[in-house]
Amino acid sequence: MSGELKVWHTVTLAFDGPETSEASEPNPFTDYRLDVTFTGPAAELVVPGFFAADGRSAETSAESGSKWMVRFAPDAEGRWRYRASFRTGRGVALSDDRGAGQSTAFDGATGEFMVAPSDKQPPDFRSRGRLEYVGERYPRFSGDGSYFLKGGADSPENLLAYADFDGTRDRDAETGRRAAFLHRYEPHLRDWQQGHPSWQDGKGRGLIGALNYLASEGVNSIYFLPQNVTGDGDDTWPWIDPGPFDRFDVSKLEQWEIVFSHADRLGILLHVVTSETENDHLLDDGDLGPDRKLYYRELVARFAHHPALIWNLGEENTNSTEQRKAHASALHRLDPYDHPVVMHTHATVQHHERHYAPLLGFEDFEGASMQIREDPIVHTVLIEWMRRSSEAGRPWLVSFDEQRTGQDGVAPDSEDESRHDERRDHLWATLMAGSWGIEWYFGYMYPHNDLNLEDFRSRSRIWSMTRHAIEFFHGHLPFHEMLPADHLAPNSDAYVLAKSAETYAVYIPSGGSASLDLDAEEGEFTVSWFDPAEGGPLTNGVSVSGPGMVQLGPAPGDAAKDWVALVRRARD
């Protein structure tokens with residue numbers, strides 16, 4: 001047993017089992033099945049395990065060994081007991097039958113341990129608990145009960161196509177599609193800090209440094225593909241080769257785990273996009289067959305213990321409704337922690353209707369990861385899907401995760417340092433819709449794009465303005481109790497988010513003034529102003545009294561730029 005025996009922390013059990021290797025027969029990934037049942041103060045969780053070679057493969061690059069591991073994140077303090085089930089037999093890992101196969105090696109091993117409170121502090125997710133879908137528009141941490149707003153990086157989607165990971169190469173060079181490229185993140189070597197993780201005498205510092213930089217800018221989520229075989233990058237996969245799909249690269253996956261664990265400590269959510277449009281039929285022709293079952297099992301076994309993680313069925317997904325439902329249900333059956341399952345799809349309203357509508361109300365599906373091509377409709381499209389999912393009886397987590405077209409996306413700061421359009425049409429359009437967040441996509445037509453980004457500082461203004469917005473929401477709004485209410489600012493292009501009779505946020509794209517309809521709300525309200533471009537403290541404005549229409553403003557600065565008016569009921 002290793003790890004800190006604290007709530008929400010990862011406890012790893014390593015068992016001595018049969019000596020085998022990634023390429024051996026019986027196949028260690030399909031023909032052995034390790035599940036460990038953990039029984040605690042108020043719950044019982046069945047956690048899948050995995051073949052771990054020598055147990056140190058991130059450092060040794062070992063392909064063989066006798067170690068079998070399970071990673072567990074306890075959700076309560078107190079005494080926990082465990083019992084291992086270790087079975088062998090052809091294809092046993094793919095069976096839902098608990099009694100399939102034959103008992104072998106350490107089957108039936110038991111033990112117990114005590115779990116203490118976490119000693120971590122935010123932003124470390126281990127201080128906050130598991131991020132969960134709770135039937136609302138925002139996910140919530142199970143530990144401290146706080147709600148989460150996402151402001152993250154959607155690019156590069158091939159984040160894991162990193163030269164320091166074992167077994168990683170760019171197949172474009174082999175096919176001649178384009179010149180070979182792997183990420184090195186060299187501009188972020190200076191962001192690595194002494195004491196932060198690396199492997200094999202300093203490998204990994206570029207990517208660890210990149211995460212450090214993003215966290216320093218308030219970025220709290222990253223979007224990535226664990227496999228893009230035959231896709232845009234064709235440079236990322238968890239297997240020892242891009243096919244067959246039943247042999248996994250143990251050392252590479254352990255190196256991924258080092259990076260993901262560091263993301264936990266920094267407060268960065270893992271948005272795991274399990275396929276992309278070019279390969280969503282690669283495994284079992286899109287069905288829930290043996291290759292996809294095994295792929296999901298390995299992802300869950302190795303990474304589901306992370307406290308803030310989202311499973312995404314696929315980028316611009318083209319599977320059938322029946323396939324999507326089967327995929328989502330399979331992930332929920334495997335994942336003992338019940339992380340949310342969402343899906344990304346194509347950019348037009350027609351695509352949204354075709355692909356999302358059949359999933360409304362489905363019990364194993366939690367949200368829409370949206371791509372929207374036309375800037376003026378972002379706000380209304382997000383509101384529409386939150387409304388429709390709520391009416392279907394299962395409110396979705398709806399986020400805006402790809403801007404504009406695949407080509408242009410969001411340009412570097414050098415193209416537009418003001419970033420007014422992105423604030424108006426993307427960031428504040430999203431948050432004022434009541435969405436749980438945004439991730440920024442960089443397109444292909446600029447340097448540091450969706451496949452070759454090396455320097456996240458290329459969008460530093462994007463990160464800072466996103467941080468300002470999320471800090472405003474957390475610091476000044478009961479946002480999980482508020483609803484979009486643009487009708488309260490008639491004859492304007494302002495966005496309104498409201499907790500009726502108590503708190504109103506009014507985003508004014510230009511002009512520094514707007515009218516707000518307090519309707520029948522009697523009493524005095526204070527008006528404060530927030531600068532969404534530069535952030536900082538609120539600036540006091542006028543006081544207004546309801547009922548009826550009141551005038552907000554003027555704002556305390558340049559009337560040609562965007563401002564946010566915060567209107568709150570005055571307290572005695």
Side-chain angles (χ1 to χ4, degrees), residues 131 137-139 147-157 159 214-215 217-224 267-271 273 308 310 312 315 340 342-345 347 352 366-386 396-406 408-411 413 416 419-443 450 453 456 459-474 477 479-480 482 484 495 497 505 507 509 532-533 535 562 564:
L131 188 65
R137 291 175 292 123
Y138 302 96
Y147 290 86
F148 184 74
L149 280 174
K150 179 176 71 166
D154 185 280
S155 294
E157 66 178 30
L159 180 85
L214 289 173
E217 290 287 348
V219 174
N220 64 11
S221 68
I222 49 171
Y223 173 114
F224 59 86
I268 296 178
L269 173 144
L270 305 174
H271 187 170
V273 186
I310 302 290
N312 192 317
E315 177 256 0
V342 304
M343 185 183 76
H344 182 277
T345 194
H352 301 158
E366 284 77 42
S369 168
M370 302 200 75
Q371 176 181 358
I372 303 171
R373 177 176 295 173
E374 301 173 50
D375 289 354
I377 67 170
V378 168
H379 185 69
T380 55
V381 166
L382 297 174
I383 290 173
E384 173 74 2
W385 286 102
M386 283 182 280
W396 280 356
L397 307 173
V398 178
S399 58
F400 182 30
D401 293 334
E402 186 166 343
Q403 297 75 34
R404 301 177 177 142
T405 70
D408 47 27
V410 175
D413 291 342
D416 176 18
R419 294 300 190 183
H420 177 270
D421 290 354
E422 282 87 358
R423 280 197 308 280
R424 176 192 64 204
D425 298 331
H426 301 160
L427 176 59
W428 285 85
T430 295
L431 297 178
M432 296 295 286
S435 162
W436 77 286
I438 189 169
E439 288 173 347
W440 295 98
Y441 169 76
F442 299 158
D450 191 42
L453 180 138
F456 284 100
R459 272 78 171 183
S460 64
R461 289 286 291 170
I462 290 287
W463 311 134
S464 62
M465 74 182 194
T466 305
R467 181 180 71 251
H468 298 328
I470 290 177
E471 288 176 348
F472 172 80
F473 268 66
H474 278 296
L477 301 181
F479 59 86
H480 64 283
M482 302 176 77
Y495 304 137
L497 199 62
Y507 176 79
D562 52 333
V564 180

Engineer: Please report the shortest heavy-atom distance between Leu431 and Ala469, naming the atom on each side.
Structural biologist: CD1-CB, 3.7 Å

Engineer: Please report the closest heavy-atom contact between Asp413 and Arg459, naming both atoms and the distance.
Structural biologist: OD2-C, 3.4 Å

Engineer: Does any non-hydrogen side-chain atom of Glu217 lie less than 4.5 Å from one of Ser464?
Structural biologist: yes

Engineer: Parallel, tilted or perpendicular, judged at 30° and 60°: which one describes the rings of Phe456 and Trp463?
Structural biologist: tilted

Engineer: Say you draw a straight line from CG of Leu427 to CH2 of Trp440; how long is it, rounded to the nearest 0.5 Å?
Structural biologist: 5.0 Å

Engineer: Let me see the working for Glu422 and Val410 under side-chain contact (heavy atoms from CB on, under 4.5 Å), right down to the final yes or no.
Structural biologist: CA-CA 8 Å; Glu422 282 87 358; Val410 175; 4.2 Å; yes

Engineer: Work out which heavy atom in Gly434 is nearest to a heavy atom in Leu497; give both atom names and the distance.
Structural biologist: N-CD1, 4.2 Å

Engineer: When rounded to the nearest 0.5 angstrom, what is the spacing between CE in Met370 and CH2 in Trp385?
Structural biologist: 6.5 Å

Engineer: Tell me whether the rings of Phe472 and Trp428 are parallel (<30°), tilted (30 to 60°) or perpendicular (>60°).
Structural biologist: tilted

Engineer: If we ignore hydrogens and angles and just use 3.5 Å, is the side chain of Arg404 paired with the main-chain N or O of Gly443 as donor and acceptor?
Structural biologist: no

Engineer: Strictly distance-based, threshold 3.5 Å: is any side-chain N or O of His426 a donor or acceptor partner for the main-chain N or O of Glu402?
Structural biologist: no

Engineer: Taking C-beta and beyond as the side chain, do Ile222 and Leu270 meet within less than 4.5 Å on heavy atoms?
Structural biologist: yes

Engineer: Between Arg137 and His480, which heavy-atom pair has the shortest distance, and what is it?
Structural biologist: NH2-O, 4.0 Å

Engineer: Is the backbone N or O of Ala153 less than 3.5 Å from a side-chain atom of His271, with the two atoms forming a donor-acceptor pair by type?
Structural biologist: no

Engineer: Taking NZ, NE, NH1 and NH2 as the nitrogens, is one of them in Arg423 or Asp562 under 4.0 Å from a carboxylate oxygen of the other?
Structural biologist: yes

Engineer: So which atom in Tyr441 and which in Gly406 form the shortest heavy-atom distance, rounded to 0.1 Å?
Structural biologist: OH-O, 2.7 Å

Engineer: Salt bridge check, Lys150 against Asp401: does any charged N sit closer than 4.0 Å to a carboxylate O?
Structural biologist: yes

Engineer: Under 3.5 Å, is there a donor-acceptor pair between the side chain of Gln403 and the main chain of Glu439?
Structural biologist: yes

Engineer: Closer than 3.5 angstrom, by distance alone: can the side chain of Tyr495 be matched with the main-chain N or O of Ala505 as a donor-acceptor pair?
Structural biologist: no

Engineer: Is Ser435 reaching over with its side chain to a backbone N or O of Val398, donor-acceptor style, under 3.5 angstrom?
Structural biologist: yes

Engineer: How long is the straight-line distance from CZ of Phe400 back to CG of Asp154, given to the nearest 0.5 Å?
Structural biologist: 10.0 Å

Engineer: Hey, what do you get for OG (Ser221) to CG (Leu269), rounding to the nearest 0.5 Å?
Structural biologist: 5.5 Å

Engineer: Return yes if some donor-acceptor pair links the side-chain N/O of His344 with the main-chain N/O of Glu315 below 3.5 Å, else return no.
Structural biologist: no

Engineer: Hey, could you give me the CZ/CE distance between Arg467 and Met465, rounded to the nearest 0.5 Å?
Structural biologist: 12.0 Å

Engineer: Can you tell me how far CZ of Phe473 sits from CZ of Phe479, rounded to the nearest 0.5 angstrom?
Structural biologist: 8.5 Å

Engineer: So, the side chain of Arg419 versus the backbone of Ile462: is there a donor-acceptor pair under 3.5 Å, distance only?
Structural biologist: no

Engineer: Quick one: closest heavy-atom pair of Ala429 and Val378, and the distance?
Structural biologist: CB-CG1, 4.2 Å

